[in-house]
**Student:** 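One structure is given below, represented as structure tokens, and several questions about it will come after.
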Amino acid sequence: ADGAVVILVHGLGGNRGGLSDRAAILAREGYYTLLYDGRGHGESAGNVTTLGYSEIEDIRGALAYLRTRDEVDLDKIAAIGHSLGGAAVIRAAARMPELKVIVAESSYKSIPSNADRIMLLYTGRQPFPLAQWFVELNAGVPVSQVNSLEDLPLIAPRPVLFVHGEQDEVIYPSNSQEMYDVASEPKELLIIPAAAHSDLMQADVEAYAERIIAFLSQYLRGQ
């Protein structure tokens, strides 16, 4: 192995096991992978999500751990995030130059522009007036500041791949298109026609795996 590692960040209501299928594909290609339960999820402490605002500290912790591992090449760290995880990864990369390559799946361009959809995901209930205020009150932080459109230009010139299902009715695919539009080169956009929000890989394993591996090979390994 060349020490290349990919951090995998799950979405709202998920846990590290939800991305194990990605990890298996990456491991076969010789990548180290790091999966963890985000704050308030799985076996981690807490019961509040901040929709990407504070979750970047989990990613900072993952980077700190990787620095203790001799087998890791610290110049070859990528991150793949799904939904909330994608927003957290973009927000983290804008602040942490250690993240060299970013993949954002089924993610949102900002909280305010998706408040109703995220509220549905967050509570399982239909949106109601002051929904965003409710989430911020519960989270205790200004989650409305999670804005990938503002963070993406700060990531340049590091490469970003956006992946979205064309049938996604939770976070509409126009989010990834708009993020792609504001991102700097190098950037790529993969829309999977048969996929919804959470089945990107299952809907078309070949298309998903081929594109992810090619992107990481080119930009993380320089192959």
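Quick caveat, the model's predicted, so the values are computed rather than measured.
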**Student:** Any chain of hydrophobic side-chain contacts (each under 4.5 Å) joining Leu12 to Val170?
**Tutor:** yes
**Student:** Quickly, which of Val89, Leu99, Val160 forms a side chain to side chain contact (heavy atoms under 4.5 Å, CB included) with Ile155? Name it, please.
**Tutor:** Val160
**Student:** So, does Asn147 use its side chain to make a donor-acceptor pair with the main chain of Ser110 at under 3.5 Å?
**Tutor:**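 Side chain of Asn147 to backbone of Ser110, a donor-acceptor pair under 3.5 Å: no, none is there.
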**Student:** For Glu55 and Leu84, which heavy atoms make the closest approach, and how far apart are they?
**Tutor:**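 Looking at all heavy atoms of both residues, the closest pair is CG-CD2, 3.9 Å.
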**Student:** Do the side chains of Leu19 and Leu161 join up, straight or via other hydrophobic residues, at under 4.5 Å, putting them in one cluster?
**Tutor:** yes
**Student:** List the atom pairs, donor and acceptor, that lie under 3.5 Å between side-chain atoms in residues 203-210 and the rest of the protein, sequence neighbours left out.
**Tutor:**
unit_1, atom_1, unit_2, atom_2, d
Asp204, OD1, Ala207, N, 3.1
Tyr208, OH, Arg22, NE, 3.2
Tyr208, OH, Glu105, OE2, 2.4

**Student:** Do you know which two heavy atoms are closest between Leu200 and Gly165, and how far apart they sit?
**Tutor:**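 Heavy atoms only, the tightest pair is CD2-N, 3.3 Å.
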**Student:** Does any N or O in the side chain of Ser106 come within less than 3.5 Å of the main-chain N or O of Ser83, such that one atom is a donor and the other an acceptor?
**Tutor:** no
**Student:** Following the transitive rule for hydrophobic clusters with a side-chain heavy-atom cut-off under 4.5 Å over Ile, Leu, Val, Met, Phe, Trp and Tyr, establish whether Leu154 and Leu149 coincide in one cluster.
**Tutor:**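 Result: no, two separate clusters.
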**Student:** Grab the two heavy atoms, one from His10 and one from Arg16, that are nearest each other, plus how far apart they are.
**Tutor:** CD2-N, 3.7 Å
**Student:** Side-chain heavy atoms under 4.5 angstrom apart, residues restricted to Ile, Leu, Val, Met, Phe, Trp, Tyr: same cluster for Leu35 and Leu63?
**Tutor:** no
**Student:** Between Ser148 and Tyr108, is any pair of side-chain heavy atoms under 4.5 Å apart?
**Tutor:** no
**Student:** First locate atom CG of Leu220, then atom CD1 of Ile213, and finally report the distance between them rounded to the nearest 0.5 Å.
**Tutor:**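 It comes to 10.5 Å.
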**Student:** What I'd like to find out is whether the side chain of Gln167 reaches to under 4.5 Å of the side chain of His197, using heavy atoms alone.
**Tutor:**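 A side-chain contact under 4.5 Å is absent here.
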**Student:** Distance check, rounded to the nearest 0.5 Å: Ser107 atom OG versus Ile102 atom CD1?
**Tutor:** 11.5 Å
**Student:** Atom NZ in Lys109, atom OG in Ser174: separation rounded to 0.5 Å?
**Tutor:** 6.0 Å
**Student:** Nearest 0.5 Å please: distance from the CD1 atom of Ile80 over to the CG atom of Leu26.
**Tutor:**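 Going from CD1 on Ile80 over to CG on Leu26, the span is 5.0 Å.
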**Student:** Between the main-chain N or O of Tyr65 and the side-chain N or O of Thr68, is there a donor-acceptor pair closer than 3.5 Å?
**Tutor:** yes
**Student:** Under the criterion side chain to side chain contact (heavy atoms under 4.5 Å, CB included), I'd like the reasoning laid out for Leu190 against Ile192: C-alpha separation, chi angles, the key distance, then a yes or no.
**Tutor:** CA-CA 6 Å; Leu190 171 61; Ile192 300 178; 4.0 Å; yes
**Student:** Any pair with a residue in residues 156-179 that passes ring-ring contact (aromatic ring centres under 6.0 Å, His included), sequence neighbours left out, goes on the list, sorted by first then second residue, please.
**Tutor:**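 Passing the test, one end in residues 156-179: no pairs.
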**Student:** Do the side chains of Met179 and Leu152 get nearer than 4.5 Å, heavy atoms only?
**Tutor:**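 Sidechains of Met179 and Leu152: in contact.
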**Student:** Considering only heavy atoms from C-beta outward, does the side chain of Val9 approach that of Ile59 to under 4.5 Å?
**Tutor:**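 Sidechains of Ile59 and Val9: in contact.
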**Student:** Arg95 side chain to Ile56 main-chain N or O, any donor-acceptor pair under 3.5 Å?
**Tutor:**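 Flag not set: sc Arg95 to bb Ile56 has no pair under 3.5 Å.
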**Student:** Leu66 and Leu74: which non-hydrogen atoms are nearest, and at how many Å?
**Tutor:**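 Looking at all heavy atoms of both residues, the shortest contact is O-CD2, 3.9 Å.
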**Student:** Say whether, by atom type as modelled, one donor and one acceptor occur between the side chain of Arg211 and the main chain of Leu189 under 3.5 angstrom.
**Tutor:**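 At least one qualifying donor-acceptor pair exists.
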**Student:** Would you please name every residue forming a side chain to side chain contact (heavy atoms under 4.5 Å, CB included) with Lys187, sequence neighbours left out?
**Tutor:** Tyr180, Ala183, Glu185
**Student:** Side chains of Tyr219 and Lys100: closer than 4.5 Å at any heavy-atom pair?
**Tutor:** no
**Student:** Who passes side-chain hydrogen bond (donor to acceptor under 3.5 Å, both in side chains) against Ser198, sequence neighbours left out?
**Tutor:** none
**Student:** Would the distance check show the side chain of Asp168 and the main-chain N or O of Ile171 forming a donor-acceptor pair, the cut-off being under 3.5 Å?
**Tutor:** yes
**Student:** Report the distance from atom CG of Asp199 to atom CE of Met201, rounding to the nearest 0.5 Å.
**Tutor:**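 Answer rounded to 0.5 Å: 11.5 Å.
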**Student:** Tyr31: what forms a ring pair (Phe, Tyr, Trp, His ring centres under 6.0 Å) with it, not counting sequence neighbours?
**Tutor:**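 So Tyr31 forms no ring pair (Phe, Tyr, Trp, His ring centres under 6.0 Å) with any residue.
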**Student:** Just to verify, what does Glu71 make a side-chain hydrogen bond (donor to acceptor under 3.5 Å, both in side chains) with, not counting sequence neighbours?
**Tutor:** Arg69
**Student:** Determine yes or no for a side-chain-to-main-chain donor-acceptor pair under 3.5 angstrom, with Ser20 supplying the side chain and Gly17 the backbone.
**Tutor:**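 Yes, the answer is positive, given that a donor and an acceptor are paired below the 3.5 Å cut-off.
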**Student:** So which heavy atom on Ala4 is nearest to which on Arg221, and how close?
**Tutor:** CB-NE, 4.0 Å
**Student:** Would you say the side chain of Met96 lies within less than 4.5 Å of the side chain of Arg60, judging by non-hydrogen atoms?
**Tutor:** yes
**Student:** So which atom in Glu150 and which in Pro153 form the shortest heavy-atom distance, rounded to 0.1 Å?
**Tutor:**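 Minimum heavy-atom contact is O-CD, 3.4 Å.
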**Student:** Would you mind reporting whether Leu216 and Val6 have side-chain heavy atoms less than 4.5 Å apart?
**Tutor:** yes
**Student:** Do Ile90 and Ile7 belong to the same hydrophobic cluster, where Ile, Leu, Val, Met, Phe, Trp and Tyr are linked whenever their side-chain heavy atoms lie under 4.5 Å apart, directly or via other members?
**Tutor:** yes
